J.: 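Sharing a structure with you now.
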Amino acid sequence: MTATDEELVARSQAGDAESFNDLIRRWERPIFALAYRTIGHEDDARDVVQEAFLRAFRGIRSFKGEARFSSWLYRITLNLCRDWIRRQRRAPVVQPPEGVDATELADRLEAGEALEDQVARRDLSRVVAKAMGILSDEQRSAVILKEYHGLTFQEIADVQGVPLSTVKTRLYQGLSVLRRELERRGASAARGAAAGLR
Amino acid sequence: MSNQVCSFDKALLVSYLYEECDGEDRRLVETHLASCQSCGEELAAFRGVRTRLAEWAPPDEILGFRVVRQREPARRWWWPLPVWAQAAAAILVLMAGAAATNLEVRVGGDGLAVRTGWSQPAPDVAATSSSPAPGPASVATTAEPVAATIVQLRAEMAALEQELRRVTSAPARGAATATAAAAVAPLDEQRLMTQVRPLLQASEDRLRSEFGVRLASAVNELDTKRRADILRIQEDFGALEGRTGIEVARTNSALQYLMRVSQSGGTVIR
């Protein structure tokens, strides 16, 4: 039987490091995805995740359980990402490698997916990443937490420490900016909308 | 796309987009969308954006982080002490020990003197010394009750002191004897020479006699060896002469035989 986050947190607070390792195994992928989408650099995102888990481990006894453990972990990670962005002073845009390695793509070719489709998907991913880089830190965090992590408005409000209405406003503004940016970059949102309606 | 600006509550529209509104709000939005083209297009565009956002996938990798508790090694109490602190501590211990035993170390013309408070005062170690030793400490005469270990330590310290005094006083006595001998030397020199001369003469005579005996023995031995060698040479020479006589006799016999054969003119088979 799989232990819940609350149970693992309680054991970790009692000094069971292995329970905390279970929490790491459970949350390392979402936390890494959050850091990667927020700061846009894979290696730095890995460092941020490591530091986030380290801080969580050190502060696990101070976690009161008023919010979900994942929300608490998201907040730690986003704070570290914000610090990283302030330190680096560079646009939080994913920097994909120049060009496309056809050999690598062929190795990772998924069944039933053509090579051209993979290249197109990577190009679309690059466009989305650049468009996300246009958003403010607050808008981007709200969109990422909502779109990729499925947090509710209230959970995002808890993570960001802002009222619920502010979260909705940030989401609306962020989606509006992304819509314009994606249209400008040629990845028509309308095309996506048509695909989504199919 | 309509350019008309709608004043509808955008927060409510976002709630409807993400399906986080209750039934009443949902009906309110749907009623508005049925009559507002702008909000309908915007909602469709947002759904298209969400579809595009789904294309953005992060690298799928397992980081493998683990929290590992490391036990700190037990720190020895003296470990963080620097060398100078350890040396200072050693000096303090020595000073405390010296104070506890009332140790006195004195270096003067009479040599090295080490004295502890619980021993008797050391006598002067040199006959020529004129400086009196300092008075004894009162520790030894104090009739305080002491533990058995303290008594044992005192005995050992006293024995050690006596041994040290014996060692240090030996060179001083030697120096004093030499000084006294130097003072009386001019008076007894002739008498000493008178006593030494016969001894030296006797020694010379003994050496001479012994040398003569050894020389005579060597000559005798050498003569005996010479005689033996001569005798052996004579014997060898006689043997050589004997062999020569035999050869001459054989030669004469052979000649006589040849003469007989030649005179008879026949063949002789031997």
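Naming convention: chains lettered A, B, ... in sequence-line order (proteins, then strands); numbering from 1 in each chain. Please read all numbers here as calculations on a predicted model, not as lab measurements.
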J.: Can you list the steps and then say if B:Y18 with A:E147 is a side chain to side chain contact (heavy atoms under 4.5 Å, CB included)?
T.: CA-CA 9 Å; B:Y18 288 106; A:E147 291 292 335; 2.4 Å; yes
J.: Name the region of A:R29, side chain, backbone, both or neither, that has any atom closer than 4.5 Å to a heavy atom of chain B.
T.: side chain
J.: Check the pair B:F46 / A:L178 against side chain to side chain contact (heavy atoms under 4.5 Å, CB included), numbers first and verdict last.
T.: CA-CA 9 Å; B:F46 284 170; A:L178 287 172; over 6 Å; no
J.: Yes or no on side chain to side chain contact (heavy atoms under 4.5 Å, CB included) for B:E42 and A:S176, after CA distance, side-chain angles and deciding distance?
T.: CA-CA 9 Å; B:E42 190 171 39; A:S176 298; 4.3 Å; yes
J.: Under a 4.5 Å heavy-atom cut-off, does chain B meet the side chain of A:V143, its backbone, both or neither?
T.: side chain
J.: Give, for atom CG of A:L171 and atom NZ of B:K10, the distance between the pair rounded to the nearest 0.5 Å.
T.: 14.5 Å
J.: Mind checking what makes salt bridge (charged side-chain N to carboxylate O under 4.0 Å, His left out) contact with A:R55, not counting sequence neighbours?
T.: A:E51
J.: Atom CG in A:N21, atom CZ in B:R66: separation rounded to 0.5 Å?
T.: 4.5 Å
J.: What part of A:Y172 is in contact with chain B, defined as an atom under 4.5 angstrom from a non-hydrogen atom: side chain, backbone, both or neither?
T.: both
J.: Which atoms of A:F53 come close to chain B, meaning under 4.5 Å heavy atom to heavy atom: side chain ones, backbone ones, both, or neither?
T.: side chain
J.: With heavy-atom distances below 4.5 Å as the criterion, would you say the side chains of A:L175 and B:L17 are in contact?
T.: yes
J.: Check each atom of A:Q50 against the heavy atoms of chain B and say whether the ones under 4.5 Å are side chain, backbone, both or neither.
T.: both
J.: Within the supplied structure, the quantity of interest is the number of heavy atoms (other residues, nucleotides, ligands) at a distance under 6.0 Å from B:E30 CD; does it exceed 12?
T.: yes
J.: Who wins among A:E18, A:K146, A:K168 for the most heavy-atom pairs under 4.5 Å with chain B?
T.: A:K146
J.: Is any side-chain heavy atom of B:L53 closer than 4.5 Å to one of A:M132?
T.: yes
J.: Is there side-chain contact between A:T152 and B:E20, with at least one heavy-atom pair below 4.5 Å?
T.: yes
J.: On a heavy-atom basis, which atom in B:A57 and which in A:R37 lie closest, and how many Å separate them?
T.: CA-NH2, 3.9 Å
